[in-house]
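All values derive from a computational prediction rather than experimental measurement. Reckoned from all heavy atoms, side chains included, excluding hydrogens, waters and symmetry mates.
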Amino acid sequence: MLVLRAMRADEYPDFLDYFIPDYAIEIAVNYNLEAAAAKNRAISEIEQDLPQGVNTVGHSLTCIIDFQIGVEHLLGYLWYRTNVEKSELFIYDFYVFPREQGKGYGKEAMRLLEEEAAKSGVQQIKLRVAANNPRAKKLYDNCGFHVTGINMSKHIGAGMETIDDRD
């Protein structure tokens with residue numbers, strides 16, 4: 001049986017051990033930053049977003065758990081924030097450990113989140129998926145999400161190409 005359980009304070013360091021390097025890679029790839037700068041940015045953002053860790057008001061850090069014969073088996077993490085006034089929920093991070101991927105756990109965790117959110121009056125779930133993460137995009141497509149926009153960025157400054165006047 002799959003459940004979403006609130007993350008305990010003693011589990012938060014393990015979450016950070018996964019999240020910071022993973023997010024730093026995404027930052028480096030998508031924003032063309034060196035690894036050290038990307039890691040520093042990831043650390044800075046997590047400290048800003050979750051200043052009290054699992055006790056940060058308004059944020060929900062959960063563990064995706066499968067109970068096997070009464071024993072908890074950690075499958076991954078789900079971090080989100082609910083905006084009651086707007087009746088929406090935003091997913092900051094959703095991660096199923098690589099050894100557990102392809103077994104339907106991601107889709108089931110999304111179903112559980114949707115059920116929980118609906119009971120709380122949430123009418124819309126939003127998220128951002130990185131362009132270089134087709135596996136996540138496929139999961140979200142299969143769960144009924146649709147593209148509402150495209151994030152774009154451009155680095156400017158020394159050594160950058162100029163804008164082509166033909167465009």
Spacing of CG belonging to D14 relative to CG belonging to L74, to within rounding of 0.5 Å: 8.0 Å
CG on L112 to CG on L78, rounded to 0.5 Å: 10.0 Å
Option passing side-chain contact (heavy atoms from CB on, under 4.5 Å) with F19 (candidates Y77, Y95, W79): W79
Y92-I20 co-clustered via ILVMFWY side chain contacts under 4.5 Å: yes
ILVMFWY network linking Y18 to M7, side-chain heavy atoms under 4.5 angstrom: yes
Beyond-backbone contact of Q124 with S87, side-chain heavy atoms, under 4.5 angstrom: no
Lys/Arg N to Asp/Glu carboxylate O, E45 vs R41, below 4.0 Å: yes
Donor-acceptor pair, side chain of D66 and main chain of M1, under 3.5 angstrom: yes
ILVMFWY cluster, I27 and L127 together (side-chain gap under 4.5 Å): no
Separation of I125 CD1 from L89 CG (nearest 0.5 Å): 5.5 Å
Under the side-chain hydrogen bond (donor to acceptor under 3.5 Å, both in side chains) test, residues paired with E100 that sit two or more places apart: H73, K103
More than 12 heavy atoms from other groups under 6.0 Å of CD on Q52: yes
Side chain to side chain, V147 and K137, heavy atoms closer than 4.5 Å: yes
Validation row: V54, R8 side chains within 4.5 angstrom (heavy atoms): no
Side chain to side chain donor-acceptor pair (under 3.5 Å), paired with Y80, selected from E116, K126, H59: E116
L50 and Y12: CA distance, side-chain angles, deciding distance, side-chain contact (heavy atoms from CB on, under 4.5 Å) verdict: CA-CA 11 Å; L50 297 170; Y12 187 64; 3.7 Å; yes
Single-linkage hydrophobic cluster Y23~I43, side-chain heavy atoms < 4.5 angstrom: yes
Connected via hydrophobic side-chain network under 4.5 Å: F97 and I65: yes
Criterion side-chain contact (heavy atoms from CB on, under 4.5 Å) on L75 and L2, from CA distance to verdict: CA-CA 9 Å; L75 304 173; L2 204 68; 3.1 Å; yes
Derivation and outcome, side-chain contact (heavy atoms from CB on, under 4.5 Å), residues I91 and M110: CA-CA 10 Å; I91 297 173; M110 292 302 295; 3.6 Å; yes
Point-to-point distance, once rounded to the nearest 0.5 Å, from CG of N133 to OH of Y140: 7.5 Å
Flag if over 12 foreign heavy atoms under 6.0 Å of CD, Q48: no
Distance, nearest 0.5 Å, that separates CG of L61 from OG1 of T56: 7.0 Å
Full working for side-chain contact (heavy atoms from CB on, under 4.5 Å) between F94 and L139: CA-CA 11 Å; F94 177 50; L139 170 69; 3.2 Å; yes
Spatial distance of atom CZ (F15) from atom CG (D22) [nearest 0.5 Å]: 9.5 Å
